[in-house]
Amino acid sequence: MPVQHRTIVVGNTSTLKSPVGIVRILEVLFACVTFSLVVHTGRWDGRIGDLCMFCWCFCFAVTLVILIVEFAGVQNRMPVSWKNFPITFAMYAVLMCLSATVIYPLHYLEDKAYNNEVRNYQIVAIVFSCLTTLAYIIEVSLTRAKPGEVTGYMATTPGLLKVLETFIACIIFVFISEPPQYERHDALKWCLAVYCICFILSIVVIILCVGECTGWLPCAFNKFLSAYALLAVLMYVSAMIIWPIFSFDKKNGGTPSRPPNCRMVSRNLYRMCDWDKMVAVAVLTAINLIAYVLDLVHSARLIFITV
């Protein structure tokens, strides 16, 4: 009777032993510890808690999938560009975990009604959330494009700026929509249009790169990037001027100073009022304008290599 030989499949362990692989393993461990501690305390009720929990769980799940894919060596079978997807996700993970690290203690740690044991668990969870954020920052620094290196567009500075621009736009949408701050004047509706148009175009660029669909454009991709960055800068300049005028100028129906009713709900609980949200939108608009200016400068200098 012929002897049957069994084929033993060994995963690509070298990817797990590399610096990037080790950092990703730490990301999974830190994120798992973070949301496990928060679940143990039971203090993550409400939309803010759900958002923080989503950030930690989402980053944990996607990083675990990336580790499994690279361990199995099936990157080429994935329907996305593996030169663009991991770095894109890592940059989003930095921003998501950083946001959760800042938001969670502001809304839950300040409540003195919790006993000391619960607060201790919360403090440890925040520390591990900081470690998770730090790990993703290290991954971005390790995998971003180096001078002269041939890599995906999303690993370059303009690619990473696209991620930052879309994330900031999402935060602007949150502040501008509850309640709708743009309904007080038609000029503010133009600002909303600016945020939406630039956000959509940046998302389209990210999708084209991650999906390896840049060849679908009717023009050269680098020319499209430069033209879009210039358009975004001009539009954000207009929003940077219009939003403060019609939000804080009394002659145009704005509120020049912080109203007396903008105060803490209780001694340990703070909620942003409408005026605070308008200020936040103005600040975020300025930050995104700076990001688009840097994007334009780098896009004009970048020689894009199709991957």
Side-chain angles (χ1 to χ4, degrees), residues 7-40 44 49-101 103-104 125 128-145 149 151-156 159-167 170 202-214 307:
T7 302
I8 301 176
V9 180
V10 180
N12 187 8
T13 57
S14 61
T15 59
L16 302 181
K17 297 178 182 178
S18 65
V20 176
I22 294 173
V23 170
R24 286 173 178 161
I25 292 174
L26 293 176
E27 292 164 358
V28 170
L29 293 176
F30 292 157
C32 182
V33 172
T34 301
F35 67 72
S36 298
L37 289 172
V38 174
V39 169
H40 179 73
W44 54 284
D50 292 340
L51 175 63
C52 295
M53 185 62 69
F54 170 78
C55 291
W56 294 319
C57 293
F58 178 77
C59 294
F60 165 82
V62 177
T63 305
L64 185 60
V65 169
I66 291 175
L67 281 172
I68 294 173
V69 169
E70 296 202 340
F71 177 74
V74 293
Q75 299 95 314
N76 295 331
R77 300 181 183 179
M78 302 300 291
V80 295
S81 169
W82 209 252
K83 291 183 178 180
N84 288 299
F85 174 72
I87 183 69
T88 303
F89 163 73
M91 187 62 185
Y92 273 119
V94 169
L95 299 171
M96 293 173 67
C97 291
L98 178 62
S99 300
T101 303
I103 293 173
Y104 183 80
F128 273 94
S129 184
C130 293
L131 293 175
T132 306
T133 305
L134 179 61
Y136 280 113
I137 292 175
I138 294 174
E139 180 184 348
V140 171
S141 66
L142 290 174
T143 56
R144 69 184 300 270
E149 181 182 4
T151 185
Y153 173 78
M154 294 306 299
T156 63
L160 297 176
L161 285 172
K162 293 289 189 303
V163 176
L164 177 63
E165 292 157 5
T166 55
F167 190 83
C170 289
S202 293
I203 286 293
V204 168
V205 171
I206 293 174
I207 293 175
L208 289 175
C209 292
V210 174
E212 293 187 308
C213 305
T214 56
V307 295

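Not measured: the values here are computed from a predicted model.
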Do any side-chain atoms of residues 202-211 form donor-acceptor pairs under 3.5 angstrom with protein atoms, and if so which ones, sequence neighbours left out?
from: Ser202; atom 1: OG; to: Cys198; atom 2: O; distance (Å): 3.1
from: Ser202; atom 1: OG; to: Tyr228; atom 2: OH; distance (Å): 2.2
from: Ser202; atom 1: OG; to: Tyr292; atom 2: OH; distance (Å): 3.2

Let me have the donor-acceptor pairs involving side chains of residues 25-33, under 3.5 Å, with sequence neighbours excluded, atom names and distances please.
none

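Of all the heavy atoms in Thr34 and Ala125, the pair that sits closest is CG2-O, 3.6 Å. The two atoms that bring Ala155 and Leu160 nearest to each other are O-CD1, 4.4 Å, heavy atoms only. Of all heavy-atom pairs between Leu67 and Gly21, the closest is CD2-O, 4.1 Å. Scanning both residues, Ile87 and Thr143, for their nearest heavy atoms gives CD1-OG1, 3.0 Å. A pairwise comparison of heavy atoms in Phe60 and Tyr136 identifies N-OH, 4.3 Å as the closest pair. The shortest non-hydrogen separation linking Gly152 to Lys83 is N-CB, 4.0 Å.
Ring orientation note: the planes of Trp82 and Phe85 are tilted relative to one another, at an angle of 30° to 60°.
For the ring-ring contact (aromatic ring centres under 6.0 Å, His included) with Trp56, the qualifying choice from Trp44, Phe128, Tyr104 is Tyr104, the only one to do so.
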Would Glu139 and Val94 count as a side-chain contact (heavy atoms from CB on, under 4.5 Å) if you check the C-alpha gap in whole Å, the side-chain angles of each, and the deciding distance to 0.1 Å? CA-CA 9 Å; Glu139 180 184 348; Val94 169; over 6 Å; no
side-chain contact (heavy atoms from CB on, under 4.5 Å) between Val80 and Glu212: does it pass, once the steps are laid out? CA-CA 7 Å; Val80 295; Glu212 293 187 308; over 6 Å; no
Dump the intermediate steps for side chain to side chain donor-acceptor pair (under 3.5 Å) on Thr214 and Tyr153, then the final yes or no. CA-CA 10 Å; Thr214 56; Tyr153 173 78; over 6 Å; no
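Val163 has its side chain within reach of Met154: a pair of non-hydrogen atoms, C-beta onward, lies under 4.5 Å apart. Within the 4.5 Å cutoff, the side chain of Phe58 has heavy atoms near those of the Phe89 side chain.
The CG atom of Leu131 lies 9.5 Å from the CD1 atom of Ile138; values are rounded to the nearest 0.5 Å. Between atom CD1 of residue Ile22 and atom CZ of residue Arg24 there is a gap of 12.0 Å, rounded to the nearest 0.5 Å. To the nearest 0.5 Å, the span separating CG on Leu64 from SG on Cys59 amounts to 12.5 Å. With rounding to the nearest 0.5 Å, the separation of CD in Glu70 from OG in Ser18 is 7.5 Å. Taking OG1 from Thr132 and CG from Leu98, the interatomic distance works out to 11.5 Å, rounded to the nearest 0.5 Å.
Evaluation of the ring pair (Phe, Tyr, Trp, His ring centres under 6.0 Å) rule for Tyr92 yields no partner, not counting sequence neighbours.
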